[in-house]
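Accompanying notes for the structure given below.
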2 protein chains.
Amino acid sequence: MRLSTKGRYGVKAMFDLALHYGEGPVSLKNVADRQGISEHYLEQLISGLRKAGLVKSVRGAQGGYALAKEPDKITVGDVIRVLEGPIAPVDCVAEEDPEFCQKAENCVTKGIWEKVRDSIAGVLDAITLEDMVKDAEKLQRDANFYMYYI
Amino acid sequence: MRLSTKGRYGVKAMFDLALHYGEGPVSLKNVADRQGISEHYLEQLISGLRKAGLVKSVRGAQGGYALAKEPDKITVGDVIRVLEGPIAPVDCVAEEDPEFCQKAENCVTKGIWEKVRDSIAGVLDAITLEDMVKDAEKLQRDANFYMYYI
DNA sequence: ACAAATCCCGAGTATTTTAGTAAGCTATTG
DNA sequence: CAATAGCTTACTAAAATACTCGGGATTTGT
């Protein structure tokens, strides 16, 4: 039940773009450096996000990437689904075209995996990139607080 | 975010043992045949479940496996944790000795993965083998109902 | 005593996935 | 026209997955 680096890096990169939303395109090199990710690898990941319409790109010098919508219109679930595929602890309960199974009719485990799927999706779909930005600002404030009072 | 066959087969096997709870040991061959799993492979999985104290074994002819506790004392989460390891979408939020991360203090994504972990654990820990047996009986009743009335 | 049925254990292996790297092309800016 | 930066395809090393194989140890029924 582990997320691969695709999902993790993708969420970090999208969070980074959300932090710089409205400031024009951000180069992948900057994102990769700030988030500690291989630039080339990130290139592949963001390619999928662009094709899915979550980010837009500007080519050429001073180019880069930017969110295609406002940060509160993009959820973590959107990002994960593009990079990791439909949410599904097992293939027979995938959100999109689940694998057909003959025994599905009287399968007791299927119901369990559906609950797991829905609880994961519920969490990921409830968090937007804007939520993450606000959390980051709060973490920053708390850090400053301790800096001054210790 | 997929479960491997270890977890799936393990839950199926434990469910099978729950169905035959109180009837003496069940041979792995029978379990494997009924659940459609390779017997040799299942042997490896159940070895872990035995070491974890979830099943007990009887060697020799007419031997086999049986649940070590009543079906309502074993949750799906117990089984999954033995076979797939501690629940953790990413290593830094593993239930047992999570991987240390320097940036954890001001990491926005960590909170997300913790929520995912807790929601998965919540679902899996709330379902016992007895619940599964009752679900199976209900599915059976429904199937019979339709059989008579169609 | 012996064969059959089982559990038990460690090694080996083919396939797939993961997590990248490499190389080169295309578009835009100054 | 050089520098920057996106875009694309192909390759690859390492790990995980999902088994298979072979043989040993125990117990039961004949």
Side-chain angles (χ1 to χ4, degrees), chain A residues 1-13 16-17 20 23-68 80 83-85 88-91 99, chain B residues 1-13 16-17 20 23-33 35-52 54-68 80 83-85 88-91 99:
Chain A
M1 294 294 281
R2 285 196 173 47
L3 216 58
S4 73
T5 53
K6 287 182 194 171
R8 281 190 288 138
Y9 291 177
V11 172
K12 284 193 173 205
D16 194 280
L17 293 184
H20 298 88
E23 301 173 13
V26 181
S27 82
L28 260 202
K29 182 166 179 10
N30 284 337
V31 175
D33 285 352
R34 272 192 300 260
Q35 302 298 328
I37 307 173
S38 147
E39 187 188 344
H40 269 303
Y41 190 38
L42 187 54
E43 226 164 40
Q44 294 174 23
L45 306 186
I46 209 153
S47 161
L49 295 168
R50 184 176 52 82
K51 284 167 187 159
L54 296 181
V55 301
K56 56 190 178 188
S57 63
V58 178
R59 300 181 70 160
Q62 268 65 266
Y65 291 90
L67 297 184
I80 296 288
L83 296 169
E84 305 258 346
V90 315
D91 286 335
E99 197 176 71
Chain B
M1 292 296 282
R2 287 199 171 44
L3 218 57
S4 74
T5 54
K6 287 182 195 171
R8 282 192 284 138
Y9 291 176
V11 171
K12 283 192 174 205
D16 195 279
L17 293 184
H20 299 89
E23 301 172 15
V26 181
S27 81
L28 260 204
K29 182 166 177 12
N30 284 337
V31 175
D33 285 353
Q35 303 297 328
I37 306 173
S38 147
E39 187 188 345
H40 267 300
Y41 190 38
L42 186 54
E43 225 164 41
Q44 293 174 24
L45 306 186
I46 208 152
S47 161
L49 294 167
R50 184 177 52 82
K51 284 166 189 162
L54 295 182
V55 302
K56 54 191 178 189
S57 63
V58 179
R59 300 180 71 160
Q62 270 64 268
Y65 292 89
L67 296 185
I80 295 288
L83 296 168
E84 305 258 346
V90 313
D91 288 334
E99 196 176 73

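Residue numbers start from 1 in every chain, and the chains themselves are labelled A, B, ... in the order their sequence lines are given, proteins ahead of strands.
Rounded to whole Å, atom P of D/dA5 lies 11 Å from atom CG of A/Asp33. One can place CD of B/Glu39 at 11 Å from P of D/dT20, the figure rounded to the nearest angstrom. We find that CG of A/Leu28 is positioned 8 Å from P of D/dC7, with the value rounded to whole Å. Between the CZ atom of A/Arg50 and the C1' atom of C/dA27 there is a distance of 13 Å, rounded to whole Å. When rounded to the nearest whole Å, the span between CG of B/Leu42 and C1' of C/dC9 equals 15 Å. The interatomic distance linking A/Arg8 (CZ) with C/dT17 (P) rounds to 19 Å, in whole Å. Atom-to-atom, CG of B/Leu3 to P of D/dA16 comes out at 17 Å; the value is rounded to the nearest Å. Counting to the nearest Å, the P atom of C/dA23 and the NE2 atom of A/His40 are 9 Å from each other.
Between A/Gly64 and B/Lys6, the residue anchored nearer the 5' end of DNA chain D, judged by the nucleotide with its closest heavy atom, is A/Gly64. Mapping A/Tyr41 and A/Gly60 onto DNA chain C via the closest heavy atom, the residue that lands nearer the 5' end is A/Tyr41. Toward the 5′ end of DNA chain D lies the nearest nucleotide of A/Glu43, the other residue of the pair A/Glu43 and B/Gln44 mapping further downstream.
Between A/Gln62 and A/Pro25, the closest side-chain pair of non-hydrogen atoms is not below 4.5 Å. The shortest side-chain heavy-atom distance between B/Val90 and B/Glu99 does not fall under the 4.5 Å cut-off. Residues A/Leu49 and A/Tyr65 form no side-chain contact, since every pair of their non-hydrogen atoms from C-beta on lies 4.5 Å or further apart.
Remark: A/Thr5 is not in phosphate contact with C/dT18, judged by side-chain N or O atoms under 4.0 Å from OP1 or OP2. When the side-chain nitrogen and oxygen atoms of B/Ser38 are compared with OP1 and OP2 of D/dC19, none of them lie within a distance under 4.0 Å. At C/dA19, none of the side-chain N or O atoms of A/Tyr9 fall inside 4.0 Å of OP1 or OP2 (strictly under the cut-off). An OP1 or OP2 oxygen of D/dG6 is reached within less than 4.0 angstrom by no side-chain nitrogen or oxygen of A/Ser27. Under 4.0 angstrom from either OP1 or OP2 of D/dA5 there lies no side-chain N or O belonging to A/Ser57.
Between the side chain of B/Glu84 and the main chain of B/Ser4, a donor-acceptor pair closer than 3.5 Å is present.
Picking from C/dG20, C/dT21, C/dT28 the nucleotide with the shortest atom distance to the side chain of A/Arg59 gives C/dT28. Which of C/dC9, D/dC19, C/dG30 sits closest to the side chain of A/Gln62 comes down to C/dG30. Closest contact between the side chain of A/Ala61 and the listed nucleotides D/dA3, C/dC9, C/dG20 involves D/dA3.
The residue B/Ile46 sits apart from the nucleic acid: no heavy atom pair falls under 4.0 Å.
Salt bridge absent: B/Lys12 and B/Asp16 never bring a charged side-chain N and a carboxylate O closer than 4.0 Å.
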